[in-house]
Amino acid sequence: MRYTAAHWGTYTITGEADDVGLAPLADDPQPSVIGRGWLGAVRDEATRIRRPSVRRAWLERRDRNRTGRDGFVELPWDEALDLAAGELRRVIDAHGNRAIFGGSYGWASAGRFHHAQSQLRRFLNLIGGYTRSVDTYSHAAGEVLLPHVTGMSNALFQDRMTSWSLLEGNTELLLCFGGISGRTAQVMSSGTTGHEVEGWLARIHRAGARIVNISPRRADVPKELEAEWIAPRPNTDTALMMGLAHVLIEEGLVNRAFLDRYTHGWPRLEAYLTGAADGVPKSADWAAAITGVDAGRIRALAREMAGRTTMISLAWGIQRADHGEQPLWMGLALAAMLGRIGSKGGGFGFGYGSTTPVGRPIRPLPWPSLPQGRNPVADRIPVARIADLLLEPAGGCAYNGETLVYPDIRLVYWTGGNPFHAHQDLNRLAEAWKRPETVIVNDIWWTPTARRADIVFPATSPLERRDIMLNRRDGSLVFMDRVLAPIGEARDDHAIFRGLAERFGVAEAFTEGLDEAGWLRRLWDEASTVAGQHGVELPQFDAFRAAGRFDRPDPSAEAIQFGAFVADPEGNPLATPSGRIELHSEVIAGFGLADCPGHPVWIEPAEWLGAKDAGNRLHLVSGQSITRLHGQMDNGPVARATKIDGREPVYLHPATARRLGVTAGDIVLLSNDRGRALAGVVVDEGIREDVAWMGTGAWYDPQEIDGALIDVHGNANTLTIDKGTSGLAQGNIAHTALVTVGKWEKSLPGLAIDGPPPIVPRHDGTP
Ligand SMILES: Nc1nc2c(c(=O)[nH]1)N[C@H]1C(S)=C(S)[C@@H](COP(=O)(O)OP(=O)(O)OC[C@H]3O[C@@H](n4cnc5c(=O)[nH]c(N)nc54)[C@H](O)[C@@H]3O)O[C@H]1N2
Ligand SMILES: Nc1nc2c(c(=O)[nH]1)N[C@H]1C(S)=C(S)[C@@H](COP(=O)(O)OP(=O)(O)OC[C@H]3O[C@@H](n4cnc5c(=O)[nH]c(N)nc54)[C@H](O)[C@@H]3O)O[C@H]1N2
Ligand SMILES: [Mo]
C-alpha cells in the first residue's frame, strides 16, 4: 500500500496521475474534513508559487514598502539563490548573525525529514546562527506557567494527561471550559492515524458523566452529548472559577486535607478569595456580575462539583486571551480544592480535544528528528512579540523573570509558517514588516506572507516528495510516498537550503553526503535503535517502505495526571520549589509583575464586554476553523464552499442579527480602531448574544476602499490585539477583542488573494 500523512490524518494513495486520490484510512473512526480540501489546494494553479520570484521594487531599489500587492519578477533558481545567499552574507558581515530572525514559527509538514523549520535552522546554524523565538502561539501561557506551578513542562504535562479511557466510567461531571469537540481534534502536530476524541466523549457520556460546556459557542461540545451550555462573557472564566471556589469555602466543601498535603500557598489564595486580602470577596454574586452567569447557577454547580468526581478541562484557547495565565492557574487551584487530582476520573485537564493526542492512552516513544545543530546566537523573543521586535530595535519586554532586549533585525527568513495568518493586529504587523532590509520566504502558496517577501522560493507540498511520519504520540509509523510530481519549479526545503549551503561552502556539512533517500534511511535506522531500547522491533527500511505503514505492537499505556505524586508526595515530589502544586509561587511573586502576581487573580482584560466603554460592541472569538489548518487550504474547495460571496463566515445570534438589521448571507463590516474586515453572516442560536464567532485563517486581503483599509476577505487578525498575556509568558491574546458590526451596504469588492500577485518583467527587459 502507498500512504501519505498530514497533521490532519493519514491517507492511502489511490489511482495514478490525473486520477490520483487520497482515501482516509479505513480504520480512522472519524476522518478529518480538512483533508478533503488538500489535493484541491495543492493543485490550485492560481495560488501555487511556480518559480523563484523576487519583488521587483526590492530587486531594483531595495524598496521595503511591502504592500502585499507588489509585482514579482520570476528568476532562474541559480540567480535567486545567489541573491538570497548574497543578502545573508551581507547582513552577517555588516550586523552579525543576531540581525537574522529565523524563528520562522509555523505548522509546516508532518514529515520528520522535510520539516521546513528544522531544515532552515540546520542551515542557519552552520553559517553562524540566528535570533530565534520561544514558545508557541498555541499555549505559551501554559508553557511558561506550568513549570512554575506543577514542575512539569507543558509537553510533559500533555504526555501525562489522564487518559480518556480512565475518564470513562469514573468521571461523573466533565466541566469543559472552551468545550471539547472534534473540530479542533481533527489535528495533531506531526500527524495522526486516527481521530478518536468524539468517540471517547460519547463513551464517557454513556458511562454516566454529565457534561457542561462553558463557552460562548454551544457547538464546542457535540450535540449528542446533551451537555448543559453555560456561556459566560468571554475571558471571564477566572472570575467564574473564583465564584465557584468561594462557594466551596463558604459552604465548607473544600478538601483541606488535600490542600495541606499536596499544595503550597493555599492560605494566600484563600485570603484573596474570601476578600481578607483586598476587601473584595470573590463570591458567587461578585462572579455573576462579571461573568453574566446567574449566581444561583454558580452555587448549584459548585455544590455539584464537590459531590461528584469532577474533571475540570480547559481548552488551550482559554489562555490565548489577556491574562491567559490566570484561568489556567485558577482551574488547577479549583481542582485542588476539590481534592480529586490524581484520581482516575477527576482533577484537571488542559487541552483535551484541542488536538487529537491529548488524553490518548499511549506510550510516547522519543523518535528522532532532523538534527539542527547548535545556535551560537543567544538572542530570543517570545514568539508573539514579532511585531514589537521589528518595530523597536533595542526595545524589549519582560519575560518569565527576565528583561529581554530586542536585537536589531535586518533580515527575516520564514519557512513553513504564515505570520500574516498567525499574528494579531495584522495591520500593525504589516507596518513592522516594512522595517527589515530583506525578507525571504519559502512556501507552497502565495500566502499573504509570501506576497510580503522580497525573495520567494517555491516549496513542494508534502504530496510531492517522500518522507516518514514518526509521531511520538501515535501508534503507527507511516512511509509518506510521493503522490504528485513537483508543481512548477518547486523544490523541497532541503534542496533550497542545500543550494544556499553550497554558496556558503557548507553543503557537505549540511547534507552529510545524504540525499532524501539517504536521510530517510538514517532516520529509520535511528528510529529502530530508539524502538529497540523500548522493546519494539521495527522492520528493515525496505520492508517498511514496501508496506507503507508499521503499527506498534500494543502501543497503549494509561496515565493519571499527578498520579505518582498523589500516591506518594514525599517519594515523588513535583519539580517545584516546594515539591508541591503551587497555588502561590514565591518565584512568580518575585518577578514583581502587576499583570501576573504570585497567585491566581482576576484582572480585567484589555477589552471585554464588562468594560465601561463596551457599549453595543460584540466580543470577537476567532477559534480554529473546521475547514482548514490555520491558513492552509483556505484556497481549497472545502474552505471555499463555506464562504459567503467569497467571504469568511461570521456566526451571530439571531437576536443580534435582528438588532443589526442583517440576515443570513448578508455581508457585514467588522471594525475597531485596529482594523476593518468584511465577513458573511451565518445566524446561529448557539452563539452568545454579544459574541461574534469567526474561524481564523482567511488569507488577509487588505484593500483601500473609499480611503479606508479593509480586509475584504475576513481575516479575524485584522481586528485582534497585539499584546502579550502578561510579563510572565507574553503569549498571544487572540481571543480578546471587541468589534463593531454593521451591514455592508456598498458594492462588494473583488478578492485579490485568490489569484497570484502580478508577475511582471524586469524593467531592464531581461526575460
Ligand atoms: N485570531 C487567531 N489567530 C490565531 C489563532 C487563533 O486561535 N485565533 N491561533 C494561533 C495558533 S494556536 C497557531 S498554532 C498559529 C498557526 O499559524 P501558522 O502555523 O503560521 O499557520 P499555517 O497556515 O499553518 O502556516 C504554515 C505555512 O507553512 C506552509 N507550508 C506547509 N508545508 C510546508 C513545507 O513543507 N515547506 C514550506 N516551505 N512551507 C510549508 C503552508 O503553506 C503555510 O503557509 O495561528 C495562531 N493565530
Ligand atoms: N480544524 C482545525 N483544528 C485545529 C487547528 C486548525 O487550524 N483547524 N489548529 C490546531 C492548533 S495549532 C491548536 S493550538 C488548537 C487550538 O485548540 P483550542 O484552543 O481548543 O481551539 P479554539 O478554537 O481557539 O478555542 C476553543 C474554543 O474556546 C472558546 N473560547 C474562546 N474564548 C473563550 C473564553 O474566554 N472562555 C471560554 N469559556 N471559551 C472561550 C471558543 O468558542 C472556541 O471555540 O487547535 C488545533 N486544531
Ligand atoms: Mo496552535
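Just follow the structure's listing: the first ligand is 1, and inside any ligand the first atom is 1.
Put simply, no part of Pro462 is less than 4.0 Å from ligand 1, judged by heavy atoms. Remark: distances from the non-hydrogen atoms of Trp693 to ligand 2 include one below 4.0 Å. Contact annotation: Trp316 has no heavy atom less than 4.0 Å from any atom of ligand 1. For the ligand labelled ligand 1, residue Arg465 lies inside the 4.0 Å heavy-atom shell. In this structure, Gln424 is part of the shell of residues with a heavy atom less than 4.0 angstrom from ligand 1. Under a 4.0 Å heavy-atom criterion, Arg628 is in contact with ligand 2.
Every atom of ligand 1 is numbered from 1 in the order shown, and the set under 4.0 Å from a heavy atom of Thr415 is 37 (C), 38 (N). Counting the atoms of ligand 2 from 1 in the order shown, those under 4.0 Å from a heavy atom of Ala315 are 20 (O). In summary, the atoms of ligand 1 found under 4.0 Å from a heavy atom of Asp493, numbered by their order in the structure, are 34 (C), 35 (O), 36 (N), 37 (C), 38 (N). Contact atoms of ligand 1 toward Trp445: 42 (O) (distance under 4.0 Å to a heavy atom of the residue). Under a 4.0 Å criterion applied to the non-hydrogen atoms of Thr447, ligand 1 contributes the atoms 44 (O). If you number the atoms of ligand 2 from 1 as listed, the ones under 4.0 Å from a heavy atom of Asp237 come out as 34 (C), 35 (O), 36 (N), 37 (C), 38 (N). In the vicinity of Ser354, heavy-atom distances shorter than 4.0 Å reach the ligand 2 atoms 15 (C), 17 (O), 18 (P), 20 (O), 45 (O), 46 (C), 47 (N). Close approach of ligand 1 to Gln624 (heavy-atom distance below 4.0 Å) involves ligand atoms 7 (O), 9 (N), 12 (S). Near Ile34, meaning under 4.0 Å from one of its heavy atoms, ligand 2 places the atoms 1 (N), 2 (C). Residue Val621 approaches ligand 2 through these ligand atoms, each under 4.0 Å from one of its heavy atoms: 31 (C), 41 (C), 42 (O). Every atom of ligand 2 is numbered from 1 in the order shown, and the set under 4.0 Å from a heavy atom of Pro234 is 35 (O). For ligand 2 and Val187, the ligand atoms under 4.0 Å from any heavy atom of the residue are 3 (N), 4 (C), 47 (N). Atoms of ligand 1 lying under 4.0 Å from at least one heavy atom of Ala459, given by number and element, are 36 (N), 37 (C), 38 (N). Of all atoms in ligand 1, listed by their number and element, those nearer than 4.0 Å to a heavy atom of Gly631 are 23 (O). Numbered from 1 in the order shown, with element, the atoms of ligand 1 that lie under 4.0 Å from a heavy atom of Ile444 read 30 (N), 31 (C), 32 (N), 33 (C), 40 (C). Residue-ligand proximity, Ser215 to ligand 2, at heavy-atom distances under 4.0 Å covers atoms 29 (C), 38 (N), 39 (N), 42 (O).
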Stepwise side chain to side chain donor-acceptor pair (under 3.5 Å) test for Asn442 and Asp493: CA-CA 7 Å; Asn442 305 355; Asp493 293 281; 3.1 Å; yes
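With respect to atom 1 (N) of ligand 2, the closest heavy atom belonging to the protein is Ser625 O, 2.8 Å. Of all protein heavy atoms, the one lying nearest to atom 30 (N) of ligand 2 is Pro216 CD, 3.9 Å. Among all protein heavy atoms, the one lying closest to atom 47 (N) of ligand 2 is Thr184 O, 2.8 Å. Closest to atom 41 (C) of ligand 2, if we only count protein heavy atoms, is Asp220 OD2, 3.4 Å. What sits closest to atom 7 (O) of ligand 2 on the protein, heavy atoms only, is His630 N, 2.8 Å. Residue, atom and distance of the protein heavy atom nearest to atom 20 (O) of ligand 1 are Asn418 N, 2.9 Å. At the shortest separation from atom 42 (O) of ligand 1 among protein heavy atoms lies Asp443 OD1, 2.6 Å. Nearest non-hydrogen protein atom to atom 27 (C) of ligand 2 is Gly178 O, 3.3 Å. Protein heavy atom closest to atom 37 (C) of ligand 2, with residue, atom name and distance, is Ile318 CD1, 3.3 Å. Here the protein heavy atom with the shortest distance to atom 35 (O) of ligand 2 is Asn235 N, 2.7 Å. Protein heavy atom nearest atom 28 (O) of ligand 1, with residue, atom name and distance: Gly416 C, 3.1 Å. When only non-hydrogen protein atoms are considered, atom 19 (O) of ligand 1 lies nearest to Trp107 N, 2.9 Å. For atom 3 (N) of ligand 1, the closest non-hydrogen atom of the protein is Asn717 ND2, 3.0 Å. Looking only at protein heavy atoms, the nearest one to atom 12 (S) of ligand 1 is Ser138 CA, 3.4 Å. Looking at atom 15 (C) of ligand 1, its nearest protein heavy atom turns out to be Ala422 CB, 3.7 Å. Closest to atom 45 (O) of ligand 1, if we only count protein heavy atoms, is His421 NE2, 3.2 Å.
Under 4.0 Å from ligand 1, heavy atoms of Ser622 appear from its side chain as well as its backbone. Heavy atoms of Arg320 found under 4.0 angstrom from ligand 1 belong exclusively to the side chain. Contact annotation for Thr696 and ligand 1: only side-chain heavy atoms (C-beta onward) come within less than 4.0 Å of the ligand.
Interatomic distance, Asp711 CG to Leu426 CG, rounded to the nearest 0.5 Å: 8.0 Å. Atom-to-atom distance recorded for Leu620:CG and Trp693:CH2 is 10.0 Å, nearest 0.5 angstrom. Atoms CG and CD1, on Leu201 and Ile180 in that order, are 5.5 Å from each other to the nearest 0.5 Å. Atom CG of Asp388 is separated from atom CG of Asp722 by 5.5 Å, given to the nearest 0.5 angstrom. Here Leu738 contributes atom CG and His619 contributes atom NE2; the two are 6.5 Å apart, rounded to the nearest 0.5 Å. In this structure, the separation between CG on Asp634 and CH2 on Trp445 is 10.0 Å, given to the nearest 0.5 Å.
A salt bridge does not link Arg617 with Asp690: every distance from a Lys NZ or Arg NE/NH1/NH2 to an Asp or Glu carboxylate oxygen is 4.0 Å or more. Between Glu648 and Lys643 there is a salt bridge, since at least one side-chain N of the basic residue sits less than 4.0 Å from a carboxylate O of the acidic one. The pair Arg217-Glu685 does not count as a salt bridge, with every side-chain nitrogen at least 4.0 angstrom from each carboxylate oxygen. Between Glu198 and Arg183, no side-chain nitrogen of the basic residue sits less than 4.0 Å from a carboxylate oxygen of the acidic one, so the salt-bridge criterion is not met.
The 12-atom threshold is not exceeded at OH of Tyr651, counting heavy atoms of other residues, nucleotides or ligands nearer than 6.0 Å.
Partner Arg112 forms a side-chain hydrogen bond (donor to acceptor under 3.5 Å, both in side chains) with one of Ser190, Ser118, Ser369 and no other, that one being Ser190. Checking each of Arg473, His7, Arg360 against Thr192 for a side-chain hydrogen bond (donor to acceptor under 3.5 Å, both in side chains) leaves exactly one that passes, namely Arg360.
Put simply, the side chain of Gln119 gets close to the backbone of Phe113: a donor and an acceptor are under 3.5 Å apart.
Below 30°, between 30° and 60°, or above 60°: for His139 and Trp316 the angle between ring planes is above 60°, a perpendicular geometry.
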